Structures are given as C-alpha cells and as structure tokens.
Amino acid sequence: MLNICGGLLILLATVGGFGQVRFALSQRPAELLSWQAAVRLLQAEMSYGLSPLPRLCVLAAEQTPGVVGRFWAALADQLQTPAAQALPELWRRLMDEQKGGWHLLAVDLQPLAELGQGLGGSGLANQQRLLALTEQRLTNLAAEAAERSARLNRLLGGLGWCSGLLLICLWL
C-alpha cells in the first residue's frame, strides 16, 4: 500500500511540475494578445477620441489584464507627475523594470520597444501608422506563440506522465 501511495505522489509531482511549465508557456500568447488589445485601444482613441496620452494610458490599464495592465498603469502614473521624463526614456525604464514578470521573448519586446520610441513624438498620422504596424507585428507574434504553445503543451503533458511512470519503475 505504501508503494502505491508513493508511486501516486511521484506521478502527481511530475505531472504537476510539467503542468507549471505548461502554464508559463500559455502566458506568452495571452500577454501578446493583451498588448494587441492595448494597441487597438490606442488606435481607436487616437483616431476618434483624441484623448491626451496620460488618459490613453489609464484607459489601456483599465482594459488590459495582468502585467500588461500594470505596465500601462505605471506609465500613466509617471506621465502625470510634474517632473516626468520624456516618453521614450520613461517607456524604456518601465519595460526594464517590469519585463522580469512577463513571459515574453526578446523578439516580442522589439515591437514594444519601437512603439515606445515613436509614441507621442510625431504627428497623428505617423503615430497611427506606428500603431497599425505594431498591431500587425503583435498579431503575427501571437499566432506563432499560440501555435508553439499548443505544440509544446502536448509534448510537456506527455513528458510529465512518462517521466513520472519512469521514476516509479526505477523506484520499484
């Protein structure tokens, strides 16, 4: 009986451990979709609402969940301070501070860094082109990330079960 309970615990531990890795892999597409939603919101508000940038950041923070919303909230707070830095430096600093909590790859951060460099610095037409380009790049990255996540999730699920069963066989 003790061997059966021990074997079940080993199996649960390996499946659970690989389940945590699977969860982390599923966060990348979700974060990319949150960034994409924020960019769409900025596009719509810049085109029709003509709101100032700090107000746009507050709206983006309210509409995007998780770590992406916290980034926009921090950006809005920093932009509303009297001694605010220029937007590109502020954007870069906030990305460096918060990217440790993100599940994004370096290739995902590139369009976001370019968005921060061009946002608020040029005319409305240029900003709309930048937002459209960023949205398209995020769409492509999210599709690739979702496909990769699905493929790796299946692999890791099987690997969790197989490694658990292998450990049980070696233990017995």
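Excluded from the calculations below are hydrogen atoms, water molecules and symmetry mates; all remaining heavy atoms, backbone and side chain alike, are included. Model, not experiment: these values are computed from the prediction.
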**Q.** Nearest atoms (heavy-atom pairs only) where A61 meets A73
**A.** CB-N, 3.5 Å
Q. Are V107 and V67 joined in one hydrophobic group, where the rule is that I, L, V, M, F, W and Y side chains link up if heavy atoms are under 4.5 Å apart?
A. yes
Q) Between CG of L41 and CD of Q36, what distance do you get to the nearest 0.5 Å? A) 12.5 Å
Q.
Please evaluate residues E114 and T134 with respect to the criterion side chain to side chain donor-acceptor pair (under 3.5 Å), reporting the C-alpha separation (whole Å), side-chain torsions for both, the decisive distance (0.1 Å), and the verdict.
A. CA-CA 8 Å; E114 291 172 6; T134 303; over 6 Å; no
**Q.** Single-linkage hydrophobic cluster, 4.5 Å side-chain cutoff, L105 and F23 together
**A.** no
(Q) Closer than 4.0 angstrom, basic N to acidic O: yes or no for E97 and R93? (A) yes
Q. Any chain of hydrophobic side-chain contacts (each under 4.5 Å) joining L94 to V58?
A. no
Q | Connected via hydrophobic side-chain network under 4.5 Å: L33 and V68 | A | no
Q) What residue among L131, T139, T64 forms side-chain contact (heavy atoms from CB on, under 4.5 Å) with V39? A) L131
(Q) Are the side chains of L104 and L112 in contact, using a 4.5 Å heavy-atom criterion? (A) yes
**Q.** Distance in Å, C57 SG paired with E62 CD, rounded so as to fall on 0.5 Å steps
**A.** 11.5 Å
Q. So, are E144 and R28 salt-bridged, with charged N and O less than 4.0 Å apart?
A. yes
Q. In Å and rounded to the nearest 0.5 Å, what is the CD to CG distance from Q80 to L75?
A. 9.5 Å
Q.
Looking at I4, I want to see if its CD1 is surrounded by more than 12 non-hydrogen atoms of other residues, nucleotides or ligands under 6.0 Å.
A. no
Q | More than 12 heavy atoms of other groups within 6.0 Å of R151 CZ | A | yes
Q) If you look at every heavy atom in P88 and Q117, which pair is closest and at what distance? A) CB-OE1, 3.7 Å
Q: Taking the side chain as every heavy atom from C-beta outward, state whether F18 and L155 have any pair of such atoms under 4.5 Å apart.
A: no
Q.
Tell me the closest heavy-atom pair linking A86 and E89, and the distance in Å.
A. CB-OE1, 2.8 Å
**Q.** L9 reachable from L166 in the ILVMFWY side-chain graph, under 4.5 Å edges
**A.** no
Q. Side chains of D108 and L138: closer than 4.5 Å at any heavy-atom pair?
A. no
(Q) Please give me the minimum heavy-atom distance between A145 and L32, naming the atom from each residue. (A) CB-CD1, 3.9 Å
Q. Is there side-chain contact between E45 and L59, with heavy atoms separated by less than 4.5 Å?
A. yes
**Q.** Closest non-hydrogen atom pair between A60 and A38, with its separation
**A.** CB-CB, 4.3 Å
Q: Could you name each residue pair satisfying ring-ring contact (aromatic ring centres under 6.0 Å, His included) that touches residues 92-114, not counting sequence neighbours?
A: W35-W102, F71-W102
Q. Which heavy atom in L119 sits nearest to a heavy atom in M46, and how many Å separate them?
A. CD1-CE, 3.6 Å
Q: Answer whether the closest heavy-atom distance between the side chains of L133 and L115 falls below 4.5 Å.
A: no
Q) So, do Q43 and Q128 sit near enough that their side-chain heavy atoms are less than 4.5 Å apart? A) no
